[in-house]
Amino acid sequence: FSNIKKQKDIKGFTLIELIVAMAIFISIITIATGALFSAQAINARLEQSQTILDGINLTMEVISREVRYGSIFYCGNIIPPPLNSSRNSCVYGGGGGNVLTFKPSTKLATTDNNVDQTLDRIVFYLSNGIIYKDEYAGGKVSNKKTYQITPNDAKIDSFRFFVSGAESSSSFDFDQPLVTIIISGVTIPKKTTIIPVSFNVQTSVSSRALDN
């Protein structure tokens, strides 16, 4: 009788308790798995957007470096720009310019030996959502070289310049040109599930050398 009594005292889980426990466990696993996939998707979106924005920042750095060592700045809105024209500012208060032309600090590479490289010009401008850099060795259209400097996974909506101090007030002055560059647009993700991100990047650059 004692063995029978001990067996009656042994308690276990009922079928209903097991079903409830399994349901709770499955619910927790489902929620945790969904949260994990959602976190991975958000991380992928952030990584891709950051990669595109890094490319835009690199574009801004390329333009800034060229401007920093340039001279004879001409800010305007005409493509192709007047390559051998006088200097021109686009000060705040107006609409600014979307084309910047200037003389580079180093001679442009060219196979044309009959050019005056003091007339070398670099031009930055926007066309069909892409920022381009044109190089004109000797200021000649025939020596033009074009480079795309924004990534394909970004669409540039606006590319503006504001330039002050481009013109010399005398034969020699210490007023350096100040160029403000503004780039705005939207990212173009590779996956349709990733939401495009708008961006607006701005910087101001002063020429290093005296520009007279």
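The model shown is predicted, which means the values in this text are computed figures rather than measured ones.
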[X] side chain to [Y] backbone, donor-acceptor under 3.5 Å:
X	Y	result
T150	I131	yes
T187	V197	yes
Q117	L108	yes
S207	G70	yes
R160	G95	yes
S89	V91	no
N88	C75	yes

Linking I/L/V/M/F/W/Y whenever their side-chain heavy atoms sit closer than 4.5 Å, directly or via other members, would [X] and [Y] fall into one cluster?
X	Y	value
F161	I156	yes
Y74	V123	no
I78	V141	no
Y69	V62	no
I130	Y125	yes

Nearest 0.5 angstrom please: [X] [atom1] to [Y] [atom2], how far?
X	Y	atom1	atom2	result
M60	N57	CE	CG	8.0 Å
K145	D134	NZ	CG	12.0 Å
I122	Y147	CD1	OH	9.5 Å
N152	K155	CG	NZ	13.5 Å
S71	F102	OG	CZ	9.0 Å
L58	I63	CG	CD1	10.0 Å

Problem set entry | Co-members of the apolar cluster containing Y92 [side chain, <4.5 Å] | F162, I182

Exercise. Does F25 sit in a hydrophobic cluster with other residues, and if so which ones, taking ILVMFWY side chains as linked at heavy-atom separations under 4.5 Å, directly or through other members?
Worked result: I29

Heavy atoms only: give me the nearest [X]-[Y] pair and the separation to one decimal.
X	Y	answer
D157	G185	OD2-CA, 3.5 Å
C90	G76	SG-N, 4.1 Å
T146	K144	OG1-CE, 3.2 Å
P196	V186	CB-CG2, 3.6 Å
S204	L178	CB-CD1, 4.2 Å
K140	N114	NZ-O, 3.4 Å

For this session: I would like to know whether E135 and T110 meet side chain to side chain contact (heavy atoms under 4.5 Å, CB included); could you show each step before the answer?
Result: CA-CA 10 Å; E135 293 182 352; T110 179; over 6 Å; no

Exercise. Less than 4.5 Å apart, any side-chain heavy atom of F199 and any of I183?
Worked result: yes

Exercise. Between S164 and T180, is any pair of side-chain heavy atoms under 4.5 Å apart?
Worked result: no

Exercise. Can you list every pair that meets side-chain hydrogen bond (donor to acceptor under 3.5 Å, both in side chains) and has a residue in residues 96-107, with sequence neighbours left out?
Worked result: none

For this session: Any chance you could lay out the side chain to side chain contact (heavy atoms under 4.5 Å, CB included) test for F73 and R87, step after step, and finish with the verdict?
Result: CA-CA 5 Å; F73 293 93; R87 308 158 195 246; 6.0 Å; no

For this session: Flag yes if more than 12 heavy atoms outside N128 fall under 6.0 Å of its CG atom; otherwise flag no.
Result: no

